[in-house]
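Note that these values count all heavy atoms, side chains included, but never hydrogens, waters or copies made by symmetry. Remember, it's a predicted structure, so these values are computed and weren't measured experimentally.
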Amino acid sequence: MSVAGFGFSTAQRRDLGGLGDDLARIGDAGATFAELSLCGMDVVANGRPVAARVRELGRLTAAHRLRYTAHGPLAANFMDPRHAPLFRRVVEAYLAVCDTVGARVLVLHTGIVPRRPQAELDQLHAREREALRFLGDAAGRLGIKIAIETLFAFEPDRYTATPSRLAAEIEAVDHPHVVGCLDLGHCYLYATHLGLDLETEVSRFAAVTGHVHIHDNFGLPQTVQGFLPSETMAFGLGDLHLPLGWGDLPFGRLLPKLKLRPDTAVIDELPPHFAVDTAACAETLRSWLPTIGNETGT
(Lines give C-alpha, C1' and ligand atoms only; values in the text may rest on other atoms or scores of the structure.)
Protein backbone atom coordinates (compact mmCIF):
# COMPACT_ATOMS: atom_id res chain seq x y z
CA MET A 1 0.00 0.00 0.00
CA SER A 2 1.33 3.47 -0.90
CA VAL A 3 -0.22 5.18 2.15
CA ALA A 4 2.35 5.97 4.83
CA GLY A 5 -0.25 6.84 7.46
CA PHE A 6 -2.79 9.47 8.41
CA GLY A 7 -2.79 12.67 10.37
CA PHE A 8 -4.51 15.98 11.05
CA SER A 9 -3.77 19.62 10.31
CA THR A 10 -2.98 22.02 13.13
CA ALA A 11 -4.84 25.23 13.87
CA GLN A 12 -3.71 28.51 12.28
CA ARG A 13 -2.33 30.38 15.28
CA ARG A 14 0.13 33.18 14.58
CA ASP A 15 2.08 33.01 17.86
CA LEU A 16 2.26 29.16 18.05
CA GLY A 17 0.12 29.28 21.19
CA GLY A 18 -1.76 26.03 21.59
CA LEU A 19 0.35 24.18 19.01
CA GLY A 20 1.72 21.83 21.64
CA ASP A 21 -1.82 20.93 22.67
CA ASP A 22 -2.76 20.40 19.01
CA LEU A 23 0.14 18.02 18.49
CA ALA A 24 -0.68 16.13 21.69
CA ARG A 25 -4.32 15.74 20.58
CA ILE A 26 -3.22 14.47 17.16
CA GLY A 27 -0.76 12.02 18.69
CA ASP A 28 -3.28 10.79 21.27
CA ALA A 29 -5.68 9.96 18.41
CA GLY A 30 -3.13 7.48 17.05
CA ALA A 31 -2.11 9.56 14.05
CA THR A 32 1.37 9.26 12.63
CA PHE A 33 1.41 12.68 10.89
CA ALA A 34 0.62 16.28 11.72
CA GLU A 35 0.34 18.94 9.02
CA LEU A 36 1.74 22.22 10.30
CA SER A 37 -0.34 25.18 9.17
CA LEU A 38 2.71 27.32 8.47
CA CYS A 39 0.50 29.61 6.38
CA GLY A 40 -1.08 30.84 9.62
CA MET A 41 2.09 31.05 11.73
CA ASP A 42 4.44 34.04 12.02
CA VAL A 43 7.51 32.10 10.88
CA VAL A 44 8.45 34.07 7.73
CA ALA A 45 8.79 37.85 7.33
CA ASN A 46 9.61 39.55 4.02
CA GLY A 47 10.80 36.30 2.51
CA ARG A 48 13.06 35.28 5.40
CA PRO A 49 12.50 32.78 8.24
CA VAL A 50 12.01 34.39 11.66
CA ALA A 51 14.78 32.62 13.54
CA ALA A 52 13.39 32.82 17.09
CA ARG A 53 9.93 31.69 16.05
CA VAL A 54 11.32 28.82 13.95
CA ARG A 55 13.42 27.65 16.90
CA GLU A 56 10.29 27.59 19.06
CA LEU A 57 8.43 25.69 16.35
CA GLY A 58 11.25 23.15 16.23
CA ARG A 59 11.15 22.74 20.01
CA LEU A 60 7.42 22.04 19.92
CA THR A 61 7.56 19.57 17.04
CA ALA A 62 10.52 17.67 18.52
CA ALA A 63 8.54 17.00 21.69
CA HIS A 64 6.10 14.72 19.84
CA ARG A 65 6.63 11.41 18.05
CA LEU A 66 4.99 12.48 14.82
CA ARG A 67 6.04 12.84 11.22
CA TYR A 68 5.41 16.30 9.76
CA THR A 69 4.09 17.84 6.60
CA ALA A 70 3.30 21.54 6.15
CA HIS A 71 0.93 23.87 4.34
CA GLY A 72 2.64 26.83 2.70
CA PRO A 73 1.26 30.30 1.90
CA LEU A 74 -2.26 30.17 0.47
CA ALA A 75 -1.77 33.30 -1.64
CA ALA A 76 1.36 32.15 -3.50
CA ASN A 77 0.11 32.05 -7.08
CA PHE A 78 2.56 31.21 -9.86
CA MET A 79 0.06 32.21 -12.53
CA ASP A 80 0.55 35.80 -11.33
CA PRO A 81 3.56 37.13 -13.30
CA ARG A 82 3.75 40.40 -11.37
CA HIS A 83 4.51 38.73 -8.04
CA ALA A 84 6.32 35.60 -9.24
CA PRO A 85 9.78 36.61 -7.88
CA LEU A 86 8.27 37.46 -4.49
CA PHE A 87 6.37 34.18 -4.31
CA ARG A 88 9.48 32.18 -5.21
CA ARG A 89 11.50 33.89 -2.48
CA VAL A 90 8.78 33.36 0.11
CA VAL A 91 8.24 29.69 -0.75
CA GLU A 92 11.99 29.11 -0.53
CA ALA A 93 11.84 30.56 3.00
CA TYR A 94 9.02 28.16 3.90
CA LEU A 95 11.08 25.28 2.52
CA ALA A 96 13.89 26.31 4.87
CA VAL A 97 11.42 26.28 7.79
CA CYS A 98 10.23 22.82 6.74
CA ASP A 99 13.79 21.56 6.69
CA THR A 100 14.49 22.93 10.15
CA VAL A 101 11.47 21.24 11.75
CA GLY A 102 11.59 18.03 9.70
CA ALA A 103 8.49 18.53 7.51
CA ARG A 104 9.08 16.57 4.32
CA VAL A 105 6.09 17.84 2.29
CA LEU A 106 5.13 21.46 1.60
CA VAL A 107 1.63 21.94 0.17
CA LEU A 108 1.01 24.86 -2.20
CA HIS A 109 -2.11 25.88 -4.09
CA THR A 110 -2.39 25.78 -7.84
CA GLY A 111 -2.90 29.11 -9.59
CA ILE A 112 -6.22 30.92 -9.72
CA VAL A 113 -6.68 33.95 -12.01
CA PRO A 114 -9.35 36.04 -13.74
CA ARG A 115 -10.78 34.09 -16.66
CA ARG A 116 -9.32 34.99 -20.07
CA PRO A 117 -8.91 33.40 -23.51
CA GLN A 118 -7.54 29.86 -23.46
CA ALA A 119 -4.30 30.83 -25.21
CA GLU A 120 -3.52 33.29 -22.41
CA LEU A 121 -4.37 30.71 -19.77
CA ASP A 122 -1.99 28.27 -21.45
CA GLN A 123 0.78 30.88 -21.24
CA LEU A 124 0.10 31.36 -17.52
CA HIS A 125 0.23 27.61 -16.99
CA ALA A 126 3.64 27.62 -18.70
CA ARG A 127 4.84 30.28 -16.23
CA GLU A 128 3.56 28.16 -13.36
CA ARG A 129 5.39 25.09 -14.68
CA GLU A 130 8.64 27.07 -14.89
CA ALA A 131 8.26 28.26 -11.28
CA LEU A 132 7.48 24.76 -10.04
CA ARG A 133 10.59 23.33 -11.71
CA PHE A 134 12.67 26.02 -10.00
CA LEU A 135 11.07 25.31 -6.61
CA GLY A 136 11.29 21.57 -7.20
CA ASP A 137 15.06 21.97 -7.49
CA ALA A 138 15.12 23.98 -4.25
CA ALA A 139 12.96 21.39 -2.50
CA GLY A 140 15.05 18.52 -3.85
CA ARG A 141 18.22 19.93 -2.32
CA LEU A 142 16.48 19.62 1.07
CA GLY A 143 14.80 16.28 0.47
CA ILE A 144 11.32 17.83 0.50
CA LYS A 145 8.37 17.28 -1.84
CA ILE A 146 6.22 20.18 -3.05
CA ALA A 147 2.59 19.07 -3.37
CA ILE A 148 0.31 21.17 -5.60
CA GLU A 149 -3.26 21.15 -4.32
CA THR A 150 -6.47 20.90 -6.33
CA LEU A 151 -8.70 23.98 -5.92
CA PHE A 152 -12.07 25.22 -7.17
CA ALA A 153 -13.46 28.47 -8.58
CA PHE A 154 -17.20 29.14 -8.40
CA GLU A 155 -17.26 32.63 -9.92
CA PRO A 156 -17.81 32.73 -13.71
CA ASP A 157 -14.99 35.27 -14.08
CA ARG A 158 -12.41 33.15 -12.23
CA TYR A 159 -10.30 30.25 -13.48
CA THR A 160 -8.34 27.45 -11.87
CA ALA A 161 -7.36 24.10 -13.33
CA THR A 162 -9.66 21.11 -13.04
CA PRO A 163 -8.06 18.05 -11.41
CA SER A 164 -7.47 16.45 -14.81
CA ARG A 165 -5.84 19.60 -16.23
CA LEU A 166 -3.71 20.01 -13.11
CA ALA A 167 -2.59 16.38 -13.37
CA ALA A 168 -1.41 17.07 -16.92
CA GLU A 169 0.43 20.19 -15.73
CA ILE A 170 2.25 18.31 -12.97
CA GLU A 171 3.22 15.61 -15.45
CA ALA A 172 4.57 18.33 -17.74
CA VAL A 173 6.62 19.80 -14.88
CA ASP A 174 8.20 16.34 -14.75
CA HIS A 175 10.11 16.86 -11.52
CA PRO A 176 10.69 14.15 -8.88
CA HIS A 177 10.08 16.64 -6.07
CA VAL A 178 6.83 18.11 -7.45
CA VAL A 179 3.72 15.99 -6.87
CA GLY A 180 -0.02 16.51 -6.58
CA CYS A 181 -2.02 17.12 -3.42
CA LEU A 182 -5.41 15.52 -3.98
CA ASP A 183 -7.99 17.45 -1.97
CA LEU A 184 -11.07 15.25 -2.26
CA GLY A 185 -13.42 17.90 -0.86
CA HIS A 186 -12.25 20.49 -3.37
CA CYS A 187 -12.57 18.00 -6.23
CA TYR A 188 -16.15 17.21 -5.20
CA LEU A 189 -17.12 20.88 -5.17
CA TYR A 190 -15.50 21.68 -8.52
CA ALA A 191 -16.79 18.60 -10.29
CA THR A 192 -20.35 19.35 -9.17
CA HIS A 193 -20.03 23.00 -10.17
CA LEU A 194 -18.68 22.25 -13.66
CA GLY A 195 -20.74 19.12 -14.30
CA LEU A 196 -17.66 16.87 -14.45
CA ASP A 197 -17.53 13.19 -13.54
CA LEU A 198 -16.00 13.12 -10.05
CA GLU A 199 -14.58 9.59 -10.27
CA THR A 200 -12.92 10.32 -13.60
CA GLU A 201 -11.35 13.53 -12.30
CA VAL A 202 -10.11 11.94 -9.08
CA SER A 203 -8.74 8.86 -10.82
CA ARG A 204 -6.85 11.04 -13.30
CA PHE A 205 -5.30 13.16 -10.55
CA ALA A 206 -4.39 10.10 -8.47
CA ALA A 207 -1.71 9.33 -11.06
CA VAL A 208 0.35 12.32 -9.81
CA THR A 209 -0.76 12.30 -6.16
CA GLY A 210 1.89 12.21 -3.45
CA HIS A 211 -0.21 13.81 -0.70
CA VAL A 212 -3.92 13.68 0.20
CA HIS A 213 -6.23 16.11 1.98
CA ILE A 214 -9.48 14.61 3.21
CA HIS A 215 -12.57 16.26 4.71
CA ASP A 216 -16.29 16.16 3.98
CA ASN A 217 -18.90 18.39 2.34
CA PHE A 218 -22.01 18.14 0.16
CA GLY A 219 -20.47 19.15 -3.16
CA LEU A 220 -22.61 22.29 -3.32
CA PRO A 221 -21.12 25.64 -4.36
CA GLN A 222 -21.53 28.39 -1.79
CA THR A 223 -24.28 30.55 -3.25
CA VAL A 224 -25.46 31.86 0.15
CA GLN A 225 -23.21 33.31 2.85
CA GLY A 226 -24.56 32.60 6.29
CA PHE A 227 -24.21 35.26 8.95
CA LEU A 228 -22.60 32.58 11.14
CA PRO A 229 -20.49 29.56 10.12
CA SER A 230 -23.09 27.21 11.60
CA GLU A 231 -25.70 28.69 9.26
CA THR A 232 -23.52 27.98 6.24
CA MET A 233 -23.13 24.40 7.50
CA ALA A 234 -26.89 24.16 7.96
CA PHE A 235 -27.35 25.18 4.32
CA GLY A 236 -24.79 22.54 3.30
CA LEU A 237 -22.94 24.95 1.02
CA GLY A 238 -19.27 25.35 0.18
CA ASP A 239 -15.95 24.12 1.51
CA LEU A 240 -17.19 23.11 4.95
CA HIS A 241 -14.32 20.86 6.10
CA LEU A 242 -16.77 18.67 7.99
CA PRO A 243 -15.87 15.61 10.07
CA LEU A 244 -15.80 12.49 7.92
CA GLY A 245 -19.27 11.11 7.37
CA TRP A 246 -21.10 14.37 8.05
CA GLY A 247 -21.35 15.17 4.35
CA ASP A 248 -22.06 12.95 1.37
CA LEU A 249 -18.71 12.77 -0.42
CA PRO A 250 -18.63 9.21 -1.89
CA PHE A 251 -15.44 8.02 -0.19
CA GLY A 252 -16.45 4.38 -0.60
CA ARG A 253 -16.35 4.71 -4.39
CA LEU A 254 -13.29 6.96 -4.59
CA LEU A 255 -10.73 5.57 -2.14
CA PRO A 256 -10.35 2.11 -3.74
CA LYS A 257 -9.48 3.77 -7.06
CA LEU A 258 -6.59 5.83 -5.66
CA LYS A 259 -3.31 4.40 -6.95
CA LEU A 260 -1.01 6.78 -5.09
CA ARG A 261 2.72 7.40 -5.11
CA PRO A 262 4.82 5.73 -2.40
CA ASP A 263 4.96 7.20 1.11
CA THR A 264 1.79 9.28 0.68
CA ALA A 265 0.23 10.76 3.82
CA VAL A 266 -3.53 11.25 4.22
CA ILE A 267 -4.24 14.44 6.18
CA ASP A 268 -7.67 15.27 7.60
CA GLU A 269 -7.97 19.06 7.47
CA LEU A 270 -10.23 19.22 10.51
CA PRO A 271 -10.77 22.83 11.67
CA PRO A 272 -10.36 23.78 15.35
CA HIS A 273 -14.12 23.99 15.90
CA PHE A 274 -14.30 20.25 15.12
CA ALA A 275 -11.31 19.29 17.28
CA VAL A 276 -13.67 17.41 19.59
CA ASP A 277 -14.30 15.03 16.68
CA THR A 278 -10.62 14.13 16.20
CA ALA A 279 -10.84 10.68 17.79
CA ALA A 280 -13.94 9.70 15.80
CA CYS A 281 -12.32 10.84 12.53
CA ALA A 282 -9.14 8.95 13.40
CA GLU A 283 -11.15 5.76 13.89
CA THR A 284 -12.84 6.29 10.54
CA LEU A 285 -9.50 6.87 8.80
CA ARG A 286 -8.01 3.73 10.34
CA SER A 287 -10.86 1.71 8.88
CA TRP A 288 -10.53 3.38 5.46
CA LEU A 289 -6.76 3.18 4.93
CA PRO A 290 -6.76 -0.49 3.87
CA THR A 291 -9.31 0.27 1.15
CA ILE A 292 -7.17 2.92 -0.56
CA GLY A 293 -6.09 1.62 -3.95
CA ASN A 294 -7.63 -1.76 -3.15
CA GLU A 295 -10.46 -2.14 -5.66
CA THR A 296 -10.52 -5.93 -5.31
CA GLY A 297 -10.97 -5.74 -1.55
CA THR A 298 -14.14 -3.66 -1.50
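Only one option out of Phe152, Phe205, Phe154 pairs with His186 in a ring-ring contact (aromatic ring centres under 6.0 Å, His included); it is Phe152.
For the 3.5 Å distance criterion, the side chains of His71 and Gln12 fail to qualify, holding no donor opposite an acceptor. Using modelled atom types, one finds a donor on one side chain and an acceptor on the other under 3.5 Å when comparing His175 with Asp137. No side-chain donor from either of Tyr188 and Asp216 sits under 3.5 Å from a side-chain acceptor of the other.
Side-chain contact between Phe33 and Tyr68: absent, with no pair of heavy atoms (C-beta onward) separated by less than 4.5 Å. Under the 4.5 Å side-chain criterion, counting only non-hydrogen atoms from C-beta, Gln225 is in contact with Thr232. Using a 4.5 Å cut-off on side-chain heavy atoms (C-beta onward), Glu169 and Arg129 make contact.
Remark: Leu108 CG to Leu74 CG distance equals 9.5 Å, nearest 0.5 Å. The CG atom of Leu285 lies 9.0 Å from the CG atom of Leu255; values are rounded to the nearest 0.5 Å. Distance CZ/Arg14 to CZ/Arg53: 9.0 Å, rounded to 0.5 Å. Taking OG of Ser9 as the reference point, atom CG of Asp22 lies at 8.5 Å (rounded to 0.5 Å). To the nearest 0.5 Å, atoms CZ (Arg67) and CZ (Arg104) are separated by 10.0 Å.
Here Arg165 pairs with Asp122 in a salt bridge; the nearest charged N to carboxylate O distance falls below 4.0 Å. Salt bridge Arg115/Glu120: absent, no basic N to carboxylate O contact under 4.0 Å.
Between Trp288 and Phe251, the ring-plane angle classifies as tilted under the 30° and 60° cut-offs. Note on ring orientation: taking the six-membered ring where Trp is involved, the planes of His83 and Phe87 are tilted (angle from 30° to 60°).
Taking the six-membered ring wherever Trp is involved, the centroid distance between the rings of His215 and His213 does not fall below 6.0 Å.
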